[in-house]
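Everything numeric here is computed off the predicted structure, so don't read it as measured data. A, B, ... follow the sequence lines: proteins, then strands. Residue 1 opens every chain.
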Protein chains: 2
Amino acid sequence: MKYNQVTIKDIARELGISPSTVSRALKDHPDISPETKKAVNELAEKLNYQPNIVALSLRQSKTNTIGVIIPELVHFFFSTVISGIEDVAYSAGYNVIITQSNESLQREKTDIKALFNSRVDGMLISVSRETNTFDHIEGILAKGVPMVFFDRVYENANSSKIIVDDLSGAKEATLHLIDQGCKRIAHLEGPPNLEITKQRLEGYLEALKDHNIPVNKNLIMACPLGTIEEGKKATEKLLAMAEPPDAIFATNDPAAMGAMQAIKEAGLKIPKDIAVVGFSNWFFSALLDPPLTSVDQPGFEMGQEAAKLLIRQIEMKTKNSDIDVQPETKVLKTRLVVRDSSLKKGKKK
Amino acid sequence: MKYNQVTIKDIARELGISPSTVSRALKDHPDISPETKKAVNELAEKLNYQPNIVALSLRQSKTNTIGVIIPELVHFFFSTVISGIEDVAYSAGYNVIITQSNESLQREKTDIKALFNSRVDGMLISVSRETNTFDHIEGILAKGVPMVFFDRVYENANSSKIIVDDLSGAKEATLHLIDQGCKRIAHLEGPPNLEITKQRLEGYLEALKDHNIPVNKNLIMACPLGTIEEGKKATEKLLAMAEPPDAIFATNDPAAMGAMQAIKEAGLKIPKDIAVVGFSNWFFSALLDPPLTSVDQPGFEMGQEAAKLLIRQIEMKTKNSDIDVQPETKVLKTRLVVRDSSLKKGKKK
DNA sequence: AACGAACGCGCAAACGATTGCGATTCTTTA
DNA sequence: TAAAGAATCGCAATCGTTTGCGCGTTCGTT
């Protein structure tokens, strides 16, 4: 939009010098005399000159913008990640364009294309629940667009990733339940396409194995959407079993929440009859009754790290476009936040 | 960033024609022969030509980007609004840049400046809790940047606004409590700078007046941050009174949540001893124990309407920059969602 | 006094697309 | 058959900024 902004030409005209000189004066180029610099800077200040970022972007083939694709903004975890991203992006002079795939592969494809067309300098991506093909990502990667994946990563991509240690987190959660005396621990499994689902299942299995608890496949219920409703239904089925579980470890907090609803409606007590542990430590988890034990993921930090990595890649590429950036993978630690929903033995220590 | 993208020049060179002809062929200009158009379009398709949006922006002095300033992304209400904004923005061909003021006036100032420098075509703004001066907004408005305010609006601005009927919503909530037989209804008041705070208080007062219930100023507690902690502390003070209230209407859901915690910890029952009603109908409100009655604000719709209004202004200005757009104010209806936290008499109907 | 270096600045091209105007060719009409 | 008109297309400027190169002036050095 045209705001009648003052340009470098206006300053040049007023001072009777050329635009080139103004440009150089503003960036303290050694070719320009101190007097000219002073005059230019003073006039620029007076006219409140602001460089036209669009023209700059065109000239430098660099937009100083990074694109973000997340499944859904309304998820507490993802909005926390965004805050982390914006935190480092803005202080590094980058704008952030956020798009939501709404957990749809189709939408993810159009999003990635739109971002590419906007000439973003790089992308931060967390894939949708539906994403099981990766041509759309490979296509953009092949063009040399720097990309960093976070949380829900594209495993095969030859690019950097920021993940949390889902396996250890899930294992710690399960071990905690075992430590509380639980013998029949059920697991609500998440969307099958996602690597994080597999890792969390694996952590659960490892914990059982470490304590020589046999795996009962009937205690592992699929929740491919990971919603409250699914968690509730799955739990109702578990409760209807001849030998119902004495604990439930859910792949995320909404599913755990659904489990809690089902348990309460069945007239059972949490954690006395059945202990519950979730994953992600959503904002509302502490507010439930009883407060939900959950595996905390450092969302803000994840956003920060992802943005840092991406920006580093972008700046390396800017300096030397031939160089192939070595992909990095950063694993962040989870932290088990123990609350009442899992404390059969009462508070420790 | 340079992705070796094909340009209009590449197509021109390959076909032995001029860039101008390619440009016109691509937009179906009548001056170009059908054969040339066909050749150009086919080659463009083959090479997967994508117009350079940055060059376009510079040429047209229009970025097709709108900037958004919100207090905090992690609030359920605001992330819902964002979804509504993106919904209409993307289908109208606009990108969205989101910035968070983090409820800080200082940050709001730098945000608005950064957006202006990015040459966004317009802005959608919901002011921070701290915002009590408006020079930073007036400055940008004076430059002719289209602006639409939503929810937390700048009252004096000669520009469009989307708000919800906070007064009616608050009145309905209070009337509901009266209808449930409550006599001593307390109010947790919000950040004093915000218009919505005043409106909600006003609705509360009107409801009392309609039923000839005298206003007791001791029952109106300030919660300038509107947080859980504040709501809890304020409620503790209310409970310590000689005649504690039998109902609490909070300015938002977190404050209501704090109130619930305080009431429970005091060994009292909700809603039997004290009924509670919140405002905003956050995602977690339905998950509390008991589920919280709350005034629902149509966040998604608000985002949609705000974006629609802004884009209309932008496009009018694009066509005729002289025209002064008539500011509009759109008021959206609230909806009282009754849940167990306020039902002293049991379910209606 | 003459020569080279250093200094200070402007010219013009470039980024990619658009567009008014003019130039060329072809078709039509008197 | 000549002139007018239509059909096609290219030139060049433009948006605002950057930057390699070159030019003129001044200064210092022998």
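Taking a cutoff of 4.0 Å between a charged side-chain nitrogen and a carboxylate oxygen, A/E35 and A/K38 do not qualify as a salt bridge. Salt bridge present: B/E328 and B/R312 bring a charged side-chain N and a carboxylate O closer than 4.0 Å. By the 4.0 Å N-to-carboxylate-O rule, B/E103 lies close enough to B/R152 to be salt-bridged with it.
Side-chain contact between B/V22 and B/L26 is present, with at least one heavy-atom pair separated by less than 4.5 Å.
Both B/S23 and A/S20 lie close to DNA chain C; mapped to their nearest nucleotides by heavy-atom distance, the more 5′-ward contact belongs to A/S20.
For A/T21, counting side-chain heavy atoms from C-beta on, the closest listed nucleotide (D/dC9, D/dT17, C/dC9) is C/dC9. Proximity note for A/T7 (side chain, C-beta onward) versus D/dT17, C/dG20, C/dC11: the nearest is D/dT17. Closest approach to the B/I32 side chain among D/dC9, D/dG10, C/dG10 is made by D/dC9 (side chain taken as heavy atoms from C-beta onward). In the set C/dA17, C/dG10, D/dT17, C/dG10 carries the atom at the smallest distance from any side-chain atom of A/R24. The nucleotide whose nearest atom lies closest to any side-chain atom of B/Y49 is, among C/dC9, D/dG16, C/dA17, C/dA17. Distances from the side chain of A/S33 to the nucleotides D/dC9, C/dC9, D/dT17 place C/dC9 closest. In the set D/dT17, C/dG8, C/dG20, the nucleotide with an atom closest to the side chain of A/K9 is D/dT17.
Put simply, CG on A/N117 is 15 Å from P on C/dG16, counting in whole angstrom units. The nearest whole Å value for the distance from the CD1 atom in A/I53 to the C1' atom in D/dG16 is 12 Å. Between the CD1 atom of B/I17 and the P atom of C/dA23 there is a distance of 21 Å, given to the nearest Å. For the pair B/N64 CG and C/dA17 P, the interatomic distance rounds to 15 Å; values are reported in whole Å. Rounded to whole Å, the distance from CG on B/N52 to C1' on D/dT14 is 16 Å. Between A/K62 atom NZ and C/dG16 atom C1' the separation is 19 Å, expressed in whole Å. For the pair B/L58 CG and D/dG16 C1', the computed distance is 6 Å after rounding to whole Å. Note: CG (B/D28) to P (D/dC9) measures 13 Å, nearest angstrom.
Residue-level contact check: A/T36 touches the backbone only, with heavy atoms under 4.0 Å from sugar-phosphate atoms and none from bases.
Separation of atoms CG (B/D151) and CD1 (B/I70) is listed at 11.0 Å; rounding is to 0.5 Å.
Taking only distance into account, the side chain of A/R119 never meets the base of C/dG16 through a donor-acceptor pair shorter than 3.5 Å. You'll find a donor-acceptor pair under 3.5 Å spanning the side chain of B/D31 and the base of D/dC9, going by distance alone.
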